[in-house]
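Taking it in order: structure first as structure tokens, then the write-up.
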Amino acid sequence: MRFWLCWLSALLLTGCDTGDRQLAKESLLYCAEGAPFTFNPQLAAATQTLDATAHQLYDRLLDIDPETLQPVPALALDWHRSDDGLHYRFTLRPGVQFHHTAWFSPSRPLNADDVVFSFQRLIDNTHPFHGVSGGHYPFFDSIGLGGLVKRVRALGPREVEFELRRPDASFIGNLATDYAVVLSAEYAGQLLAAGTPELLDQQPVGTGPFYLAQYRLDDFIRYHRHPGYWRGGVKLAQLVFDITPKSSKRLAKLLTGECDVMAHPGASQMAVIKSHPELVLDQATGMNVSVLALNTQKAPFNDVRVRKALALALSRNDILQAVYFGIGSEAESVLPPVSWGYNPNLLMPLPDAERARWLLAQAGLAKGFDMTLLIPTGARSFNPDGLKTGQLIQRRLEELGIRVRLQSLEEQILRRELMAGRQDAVLTGWSADTPDPDNLLHNLLGCQAIAAGTNASRWCHPLFEQQINAARRAPTLNERIRHYHLAQELIYQDMPLIPLNHTLKQQAYRRSVQDLQLQPYGGVVLRQARKE
């Protein structure tokens, strides 16, 4: 039994003296579905890592306004793009303080050196920190940031310039994603001198609303309020991420008050949450998709007839009803209908077992075959129950003689498998970090995303690549839309992955929690949360 958590829970339920009640009021317990595998979002792609770190510990140059969905100032007060689209200059906000922690005491506020350090690490493979903690940056590698940004340089203490090799309409949006955090160059220098550079990603220092006070592996994370936070107004003195992988346990803790907020409630739990007088359920349209990704570099999935046969065998509606309890929609494309790049003229085929059998026979596989389907453990924002989804797919494919072995893997192990290309197929997906269609298409199907492990289909189609790159360079929105429509037609024709479902973003919490904002994009933001 975790003493401190029980102690805090007891305080939340019963209260003691005045000081304890005040502490309970200023403490929020967030029940998370998994532990972060790093405290640096640059190295992550998994939801649980981003939720626990990106907006609690760090800031970015820009944020996405949840109302207008446009980039707005954050660490950068303003920015200017050159007429040729190759230079972006940012003016930094003055007086932004880094965390004072047990392992670092900053001597200065944020300046241009910190921004240069944070991005040069990503794009320069000779940088002393590039290879630290594995040297893989899933999001930035998949969108090809290293090939896009020629250099980042300081023009003065508060002026930074990014020089691009070619114009890119998605560049500004990508600087507002969860991954584009700004680290402390001074802290990095201290660690390098001490011979412990890897601590940069394990003992974090950021400018965000909270700093790390304690982490017990796979158990809990405790953050304390950053007293010098540049936005001010942080009401919570303490923020605790309680690691509770089973959604039934998360709900039980939410009901008893052992948790204030529950991450990713399951669809089957909606009725309980909605009917409980002390609980609130927030739902918002999200830009996400769950997919069955087939390894197009491995037989028999390198045969388009096999991939189309599997698409004809599956019932996306069965999955929508059984896994999502009808909350969401069947996916007709990688992009959801809310995206401005969505192609409304494409529809996924309805289930047709006879046609699927015919295609398999044409591929010489009339008797079926054996395959392994990898499934990430825990819930995902785009799929609340991967195992149940896998079982439904297993049952459908069995009718065609395809024998599916299900294998659940932890996030880090799964990513290694995907980067090595050993998988047959995997249940995966993506929750968009920005409204730009590029965010979904590049990460799930771009050629550079293969090495990053986010393109689990390992599909590298030159015409598709041509279309999404042309969309980045297109001078008008109409031209970008045209290229994205053509890109989706290529996906439909070649079927490297099977789009399954889109769902809503959901968040459940106790009524005593106030000002909890459900973001349409990206991870959890708790800096404005408070308790009554």
Side-chain angles (χ1 to χ4, degrees), residues 36-64 71-72 74-76 88 90 114-124 127 129-130 132-149 152 160 162 168 170-184 188 200-202 204-208 286-288 380-382 411-412 415 418-419 428-444 446 448-449 451-455 472 519-525:
F37 75 87
T38 173
F39 281 96
N40 183 354
Q42 294 175 330
L43 298 159
T47 307
Q48 59 265 37
T49 296
L50 298 175
D51 284 352
T53 63
H55 291 275
Q56 323 317 332
L57 290 166
Y58 299 101
D59 292 297
R60 288 138 290 280
L61 289 173
L62 308 172
D63 282 338
I64 295 289
V72 293
L75 292 179
Y88 287 80
F90 295 85
D114 301 308
V115 180
V116 172
F117 166 77
S118 300
F119 287 93
Q120 280 295 136
R121 177 192 184 180
L122 303 175
I123 65 175
D124 180 3
H127 191 280
F129 275 83
H130 183 78
V132 172
S133 303
H136 299 296
Y137 308 94
F139 176 77
F140 290 116
D141 290 348
S142 66
I143 64 171
L145 189 76
L148 173 65
V149 178
V152 187
V160 179
F162 288 73
D168 188 323
S170 66
F171 176 67
I172 280 291
N174 287 332
L175 293 187
T177 61
D178 288 1
Y179 316 92
V181 297
V182 176
L183 311 175
S184 166
L200 183 74
D201 309 312
Q202 300 167 14
V205 170
T207 61
M287 199 158 113
N288 57 52
R380 294 292 184 273
S381 56
F382 46 78
E411 179 66 27
Q412 282 181 276
R415 183 152 301 280
L418 299 183
M419 292 174 71
T428 183
W430 195 264
S431 289
D433 308 281
T434 73
D436 199 311
D438 186 81
N439 190 270
L440 273 159
L441 294 173
H442 244 109
N443 281 287
L444 283 175
Q448 289 174 308
T454 60
N455 179 350
R472 282 177 163 187
Q519 302 288 311
Y521 300 96
V524 175
V525 179

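Each residue takes its place number in the sequence, starting with 1. Any value given below was found using the heavy atoms of this structure, including those in side chains, with hydrogens, waters and symmetry copies removed. For clarity, every value in this text was computed on a predicted model and none was experimentally measured.
Remark: the backbone N or O of Leu183 is not paired with any side-chain donor or acceptor of Gln42 at under 3.5 angstrom. Checking side-chain atoms of Gln120 against main-chain N and O of His127 turns up no donor-acceptor pair under 3.5 Å. Thr49 places a side-chain N or O within donor-acceptor distance of the main-chain N or O of Phe37, the cut-off being under 3.5 Å. A donor-acceptor pair under 3.5 Å links the side-chain atoms of Asn443 to the main chain of Asn439, judged by distance alone.
Here the closest non-hydrogen pair linking Pro41 and Tyr58 is CD-CE1, 3.6 Å. Here the closest non-hydrogen pair linking Ala449 and Ser142 is CB-CB, 3.4 Å. Minimum heavy-atom separation, Thr434 to Met287: O-CE, 4.0 Å. Closest of all the heavy-atom pairs between Thr177 and Asp433 is CG2-CB, 3.7 Å. Nearest approach of Ala45 to Leu50, heavy atoms of both residues: O-CD1, 4.1 Å. Listed here is the closest heavy atom pair of Leu122 and His130: O-CE1, 3.3 Å.
Side-chain contact annotation: Thr38 with Asp201, donor-acceptor N/O pair under 3.5 Å absent. For the residue pair Asp436/Ser170, the side-chain donor-acceptor check at 3.5 Å is not satisfied.
Partners of His55 by side-chain contact (heavy atoms from CB on, under 4.5 Å), not counting sequence neighbours, listed by chain and number: Arg60, Asp178, Val525. By the ring-ring contact (aromatic ring centres under 6.0 Å, His included) test, Phe382 is found to be paired with no residue, residues two or more places apart in sequence or in another chain being considered.
At least one side-chain heavy atom of Arg121 sits under 4.5 Å from a side-chain heavy atom of Tyr137. When side chains are defined from C-beta on, Val152 counts as touching Val160, because their heavy atoms get closer than 4.5 Å. Using a 4.5 Å cut-off on side-chain heavy atoms (C-beta onward), Thr207 and Val182 make no contact. Under the 4.5 Å side-chain criterion, counting only non-hydrogen atoms from C-beta, Met419 is not in contact with Thr454. A 4.5 Å side-chain heavy-atom check between Asp59 and Val181 finds every atom pair outside the cut-off. Looking at Asn40 and Thr53, their side chains never come closer than 4.5 Å, going by heavy atoms from C-beta outward. Taking 4.5 Å as the limit, some side-chain heavy atom of Glu411 sits within range of a side-chain heavy atom of Gln48. A 4.5 Å side-chain heavy-atom check between Leu43 and Tyr179 finds every atom pair outside the cut-off.
Here Phe162 and Phe171 bring their ring centres to under 6.0 angstrom of each other.
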- prompt: Do Leu57 and Phe39 pass the side-chain contact (heavy atoms from CB on, under 4.5 Å) test, and can you show the C-alpha distance, the side-chain angles, and the key distance before you say yes or no?
  reply: CA-CA 8 Å; Leu57 290 166; Phe39 281 96; 3.9 Å; yes
message: Does Asn174 form a side-chain contact (heavy atoms from CB on, under 4.5 Å) with Leu145? I'd like the steps, not just the answer.
response: CA-CA 9 Å; Asn174 287 332; Leu145 189 76; 5.9 Å; no
Intermediate values then yes/no, side-chain contact (heavy atoms from CB on, under 4.5 Å), Leu200 and Val132: CA-CA 9 Å; Leu200 183 74; Val132 172; 5.8 Å; no
task: Apply side-chain contact (heavy atoms from CB on, under 4.5 Å) to the pair Asn455 and Gln448, showing each step before the final yes or no.
output: CA-CA 8 Å; Asn455 179 350; Gln448 289 174 308; over 6 Å; no
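Here Asp51 does not pair with Arg380 in a salt bridge; the nearest charged N to carboxylate O distance is not below 4.0 Å.
Relative ring orientation between Tyr88 and Phe90 is described as parallel, the plane-to-plane angle staying below 30° on a 0-90° scale split at 30° and 60°. Below 30°, between 30° and 60°, or above 60°: for Phe139 and Trp430 the angle between ring planes is below 30°, a parallel geometry.
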